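The block underneath contains the structure these notes are about, expressed in structure tokens.
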Amino acid sequence: LANTFQGDGYPLIASLALSGLAFSATFSMIRWLGPTFMKAGLKGVDMSKHQKKELPECMGAIAAMVYLLAVIIFIPFPFYKDIVAATSGGGNRDVVMHVEHVQEGRFLHRFPHSKLASYLSAVMALQSISLLGIGDDLFDIRWRHKFFIPAFASIPLLVVYFVDFGVTSVVIPLPLQPYLGELFNLGALYYVYMASVAIFSPNSINILAGINGIEVSQSIVIALLLAFNDCLYLLTPYLHPATDSHLFSLYFLIPFLGVSFALLWHNWYPARVFVGDTYCYFAGMVFVVVSILGHFSKTLILLLIPQIFNFVYSVPQLFGLVPCPRHRLPRFNARTGLLEPSVTPWTPERQPKPPVAWALKTLDKLKLLRVTLDEEGRFVETSNFTILNLWLVWRGPLREDRLAMEITGMQVVVGLFGLFVRHRLALIVFKQ
Ligand code: UD1
Ligand code: MG
């Protein structure tokens, strides 16, 4: 492994080892601390079961804390060569990446402070999002307030991006180049775009939720696909210019996979713990951190297509055109033991406004919603606007784990297609 990867493979081995430890630590701490969390009031009812048992909530906080410890302990590893070179007064011919200039036949070595700054800003962003997530799990912050939480956590990343990289132009697709030129500079808007990605990613994972295991399994798929994408750059026969960015990305993704698999073990159907909003925010932020500091935020967007669909589909309920209940998770049918689409009821007094009614009926015709009308054509109920409910509209009632597996499988297929688009079709559209 050490020689397979371009650049330097040894820190990767350290990262894999630490991630193994992080897996075991998370795995056992979740078992030990479940009752402690429940005593502190962090618990929730598993709604899709015959026996409505209370389970520990917010166990993602343990995953996040172990993860943070792992990435902090890891700090010296990617820099060990630089530390050795910087403290021995140069002369180490191994260190070619950061040699500034040659003086009297000796290599003068400069420590890569900007790389360290990136790393530390990433740790800081993840620390703030975990704190804010725990705050949300404790106090149930209002949706419209917590929506912007991730924007604050992303400030350190944006500052480092500004100082370190600062590229704010996007490549224009070939057919549009005669009008807009090859590059289009978005300037400050590019930072607004990155902050929006930072707001979107954590929130979108939090609202694709409500059945055992789904928050963690979708996050694991996204992380695996991002790591696969990193390997495409690192396993090239030549030293790819983006090697450092993608190594950096792996250093943050591997321990994330370690703690997430441990959490999934306990959260998969039938769940023994819930992950809480902490995990959703934290996972979404890991993707933001690696993709902004690794300069591949557009690739991340391609991997979030199911989440984007779920968000866009949710808009009528999120923005109040259709009433939004506190929980929109699928409905458990106790007789069959299967999940069915959950619904929002309408009363004869409270009917959708004519344009909304028309839109709902059209969606029903397109099989994008299930609408129930009474004999007089009044709305009785409409299925809730989430991808999980829509999947059940299409597929019929499913058992909870079956639904989780199918949605996770869909995420894999769509994600692989996204990467294919990124690497193959982009060549045609952008001629890179
Ligand atoms: C988001 C969704 C909400 C969904 C909820 C489920 C939006 C706008 N919000 O809210 O519709 O119902 O996630 O997580 O789309 N639970 C289960 N089984 C599970 C997972 C969760 O029954 O497998 C229940 C438990 O009672 C748990 C609670 O959901 O305590 C957690 O809900 P929470 O994460 O606080 O909801 P939100 O993220 O605010
Ligand atoms: Mg949640």
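Since this is a predicted model, take the numbers as computed values, not measurements. Every number for a ligand or one of its atoms is a count from 1 in the order of the listing. Keep in mind that the numbers below use all heavy atoms, side chains included, and drop hydrogens, waters and symmetry copies. One is the number of the first residue; the rest follow in order along the sequence.
Polar contact check, Glu215 against ligand 1: no nitrogen or oxygen pair lies under 3.5 Å apart. Of the polar atoms of Ser48, none of the N or O atoms is found under 3.5 Å from an N or O of ligand 1, judged by distance alone. Annotation: Asp277 places an N or O atom under 3.5 Å from an N or O atom of ligand 1; distance criterion only. Here's the thing with Val45: one of its N/O atoms is less than 3.5 angstrom from an N/O atom of ligand 1.
If you check which protein heavy atom lies closest to atom 6 (C) of ligand 1, you get Gly210 CA, 3.5 Å. Nearest protein heavy-atom neighbour of atom 5 (C) of ligand 1: His327 ND1, 3.6 Å. Looking only at heavy atoms of the protein, atom 13 (O) of ligand 1 is closest to Asn206 O, 3.7 Å. Atom 9 (N) of ligand 1 has as its closest protein heavy atom Ile207 CG2, 4.1 Å. Of the protein's non-hydrogen atoms, Arg328 N, 2.9 Å is the one closest to atom 11 (O) of ligand 1.
Under the 3.5 Å distance criterion, with hydrogens and angles disregarded, a donor-acceptor pair is assigned to the side chains of Trp391 and Glu406. For the 3.5 Å distance criterion, the side chains of Thr386 and Gln317 fail to qualify, holding no donor opposite an acceptor. With no hydrogens or angles considered, a side-chain donor-acceptor pair links Ser314 and Arg328 at under 3.5 Å.
Restricting Asp277 to its N, O or S atoms, the one at the least distance from the Mg ion (ligand 2) is OD1.
Near Asn212, the atoms of ligand 1 lying under 4.0 angstrom from a non-hydrogen atom of the residue are 18 (N), 19 (C), 23 (O). When each atom of ligand 1 is checked for a heavy atom of Leu318 under 4.0 Å away, the hits are 8 (C). Taking every heavy atom of Asp46 and a limit of under 4.0 angstrom, the matching atoms of ligand 1 come to 18 (N), 22 (O). Per-residue contacts place Lys146 under 4.0 angstrom from the following atoms of ligand 1 (heavy atoms of the residue considered): 39 (O). Applying the 4.0 Å criterion to heavy atoms of Gly44 picks out, from ligand 1, the atoms 30 (O). Less than 4.0 angstrom separates some heavy atom of Met47 from each of these atoms of ligand 1: 22 (O), 24 (C), 26 (O). The Glu57 neighbourhood of ligand 1 comprises atoms 27 (C), 28 (C), 30 (O), 31 (C), with distances under 4.0 Å to a heavy atom of that residue.
Taking the centre of each ring, Phe261 and Phe23 stay at or above the 6.0 Å mark. Here Phe252 and Tyr119 bring their ring centres to under 6.0 angstrom of each other. A centroid separation of 6.0 Å or more is found between the aromatic rings of Tyr80 and Phe77. For Phe282 and Phe256, the distance between ring centers is under 6.0 angstrom.
For the residues Arg326, Lys49, Arg142, Lys52, the heavy atom positioned nearest atom 35 (O) of ligand 1 is part of Arg326. When Phe274, Phe385, Tyr279 are checked for heavy-atom proximity to atom 21 (C) of ligand 1, Phe274 turns out nearest.
Residue Thr386 does not touch ligand 1, judged by heavy-atom distances below 4.0 Å.
A salt bridge links Lys146 with Asp277: the distance from a Lys NZ or Arg NE/NH1/NH2 to an Asp or Glu carboxylate oxygen falls below 4.0 Å.
In this structure, Asn267 falls outside the shell of residues with a heavy atom less than 4.0 angstrom from ligand 1.
Other residues, nucleotides and ligands place no more than 12 heavy atoms under 6.0 Å from the NZ atom of Lys367.
The side-chain contact (heavy atoms from CB on, under 4.5 Å) test with Val322 singles out one residue from Asn384, Val315, Leu360, and that residue is Leu360.
Between Leu304 and Ser201 the shortest side-chain heavy-atom distance falls below 4.5 Å.
At least one donor-acceptor pair closer than 3.5 Å links the side chain of Ser383 to the backbone N or O of Arg370. Distance alone, capped at 3.5 Å, is enough to place a donor-acceptor pair between the Asn333 side chain and the Arg335 backbone.
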